[in-house]
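Since the structure comes first, as structure tokens, the remarks are kept for the end.
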2 protein chains.
Amino acid sequence: MGDLREPLNELTDCGLPGALEVMGERWSFMILRASFNGLHHFEEFLTELGIARNILSNRLANLVAHGILNREPCADDKRRIEYRLTEKGFDLLPAMLALRQWGQKYGVEITENPVLVDEVDRLPIGPVSILSHDGRILGPEDLRLTEPENLGVRADGTTAVPGKFGKNGNVAHLAGTSARAVNG
Amino acid sequence: MGDLREPLNELTDCGLPGALEVMGERWSFMILRASFNGLHHFEEFLTELGIARNILSNRLANLVAHGILNREPCADDKRRIEYRLTEKGFDLLPAMLALRQWGQKYGVEITENPVLVDEVDRLPIGPVSILSHDGRILGPEDLRLTEPENLGVRADGTTAVPGKFGKNGNVAHLAGTSARAVNG
DNA sequence: GTTTTTAGTTGCAACTTGCAATCTATCTAA
DNA sequence: TTAGATAGATTGCAAGTTGCAACTAAAAAC
């Protein structure tokens, strides 16, 4: 039979490689975090992050090129350049917080001084969560990969798929098996 | 006094650098994703990811050293080594999905196949979200950095003291760097 | 007009990446 | 029990990346 080595280059069908192209760079997330924290200028990033000038220059240019930061000289002092998060940049907030919460859960004990809170009640936010379409919080065991034609139906109850994977046994949640090759 | 800006060491008080120490490496997230997808062996990762042997070896060792993967020779064939996600590894799922969803939102058109669904109703999951302590979905504009002594008080009268994250749905808290606000 | 500030570039050494070939331990088959 | 295949890891070398330090360039301040 033919070679079934179907490179899971469906991997390239997923958003992850694209995201990592920008955010996989060594300092990108730290710069992003500094931006979320209200830093806007070259020398600010430089001193707060302890990054080398050339690398910072390069990373900022990269983030700008990818539309995550906006680069604009200040009106009052045209030497100063403001780097500001775009909407695309702000959309990275869940990813950054999730990483951060993970690091916090498994890192050494940390006493945080400024705490990130919900503005409404000033209580610390909860964990970044995977939600179902209707807002239930999902864990890894609730997830599963399925072919588009086997998707559930919202209201009219036409569930036509035999359950292949057990809930916890061979939890093939996310097990990708469909065929598709990109290279040879 | 007056300048509330705190220096670099505050940055190291946040979970992000710790998380990036492992997951900031070039292939870590892709290997993690392959693991989520049910791959367990060296040669599987090798062919599916198209990564170099030495790099894969190195990254796997790194992920094992950081407790994200478990490394165990198979009982029946002691040449074969099984790499399996630990709980710590599974806890990276929200971060990975958030990144992936972001990449998907802003990347080139992608037809996701297979689709990640909620096992209960087989409908595609919703976006990874930042939740308040009581489950409301928060956006960047709902967030604020605050000093611990200015935290709100919960309905039951207990103070929300920042601590580590519990298993699920516990109170979260994220340190900020400077005394600047997160919101725009 | 000289100096200072802000952002960015260039030179060079140290480190990291990744392909190809090699190595070790184990399993299988004659 | 030796030959051969297989799984994983290691080494050598070329190419690329990182980062310190010193330098340029332009706008602002003096």
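Naming: A, B, ... by sequence-line order, numbering from 1 per chain.
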Does any non-hydrogen side-chain atom of B:M23 lie less than 4.5 Å from one of B:L32? yes
Applying side-chain hydrogen bond (donor to acceptor under 3.5 Å, both in side chains), can you list everything that pairs with B:E44, at least two apart in sequence or on another chain? none
When every nucleotide of nucleotides 18-23 of chain C is labelled 5' to 3' by its protein contacts under 4.0 Å (heavy atoms), B for base, S for sugar-phosphate only, - for none, what sequence of letters results? BB-B--
Residues 59-72 of chain B, side-chain donor-acceptor partners within the protein, below 3.5 Å, at least two apart:
from	atom 1	to	atom 2	distance (Å)
B:N62	ND2	B:E25	OE2	2.5
B:H66	ND1	B:N62	O	3.0

Figure out the CZ/P separation between B:R80 and C:dT28, and round it to whole Å. 11 Å
Heavy atoms of chain A, cut-off under 4.0 Å: which first and last nucleotide of DNA chain D, 5' to 3', fall inside that, if you could look? D:dT18 to D:dA28
Output the rounded distance in Å from CD (A:E25) to P (C:dT17). 12 Å
Quick check, are the ring centers of B:F36 and B:F90 under 6.0 angstrom apart? yes
Round to a whole Å and report the spacing from CD of A:E43 to C1' of C:dA7. 7 Å
Base, sugar-phosphate alone, or nothing: which one does A:F45 contact when heavy atoms must sit under 4.0 Å apart? nothing
Between the two ends of the helix from C:dG1-D:dC30 to C:dA30-D:dT1, what is the bend in degrees, rounded to 10 degrees, where each end axis spans five pairs? 10°
Evaluate the side-chain proximity of B:D142 to A:I125: yes if any heavy-atom separation is below 4.5 Å, no if none is. no
Would you mind telling me which residue lines up with the more 5' stretch of DNA chain D, B:I81 or A:K78, judged by nearest nucleotide? B:I81
Is there a side-chain contact between A:L20 and B:M30, using heavy atoms and a 4.5 Å cut-off? yes
Within a strict 4.5 Å, meaning less than it, do heavy atoms of the B:W102 and A:P94 side chains meet? no
Between C:dA7 (C1') and A:Y83 (OH): distance, integer Å: 7 Å
Take atom CG of B:D76 and atom P of C:dT26, then tell me their distance rounded to the nearest Å. 14 Å
Only counting residues at least two apart or in another chain, list the ones meeting side-chain hydrogen bond (donor to acceptor under 3.5 Å, both in side chains) with B:R79. B:D77
Taking the side chain as C-beta and beyond, is there a heavy-atom pair between B:P124 and B:L116 under 4.5 Å? no
Assign each of B:E82 and A:R79 to its nearest nucleotide of DNA chain D by heavy atoms, then name whichever residue's nucleotide is nearer the 5' end. B:E82
Does the pair B:E43/B:R80 count as a salt bridge with the N-to-O cut at 4.0 Å? no
Nucleotide C:dA7, atom P - distance to CG of A:L46 in whole Å: 9 Å
From the list A:I31, A:L39, A:N37, side-chain contact (heavy atoms from CB on, under 4.5 Å) partner of A:E48 resolves to A:L39
Using whole Å, report how far NE2 of A:H41 lies from C1' of C:dG8. 16 Å
Distance, rounded to the nearest Å, where A:L20 contributes CG and C:dT17 contributes C1': 16 Å
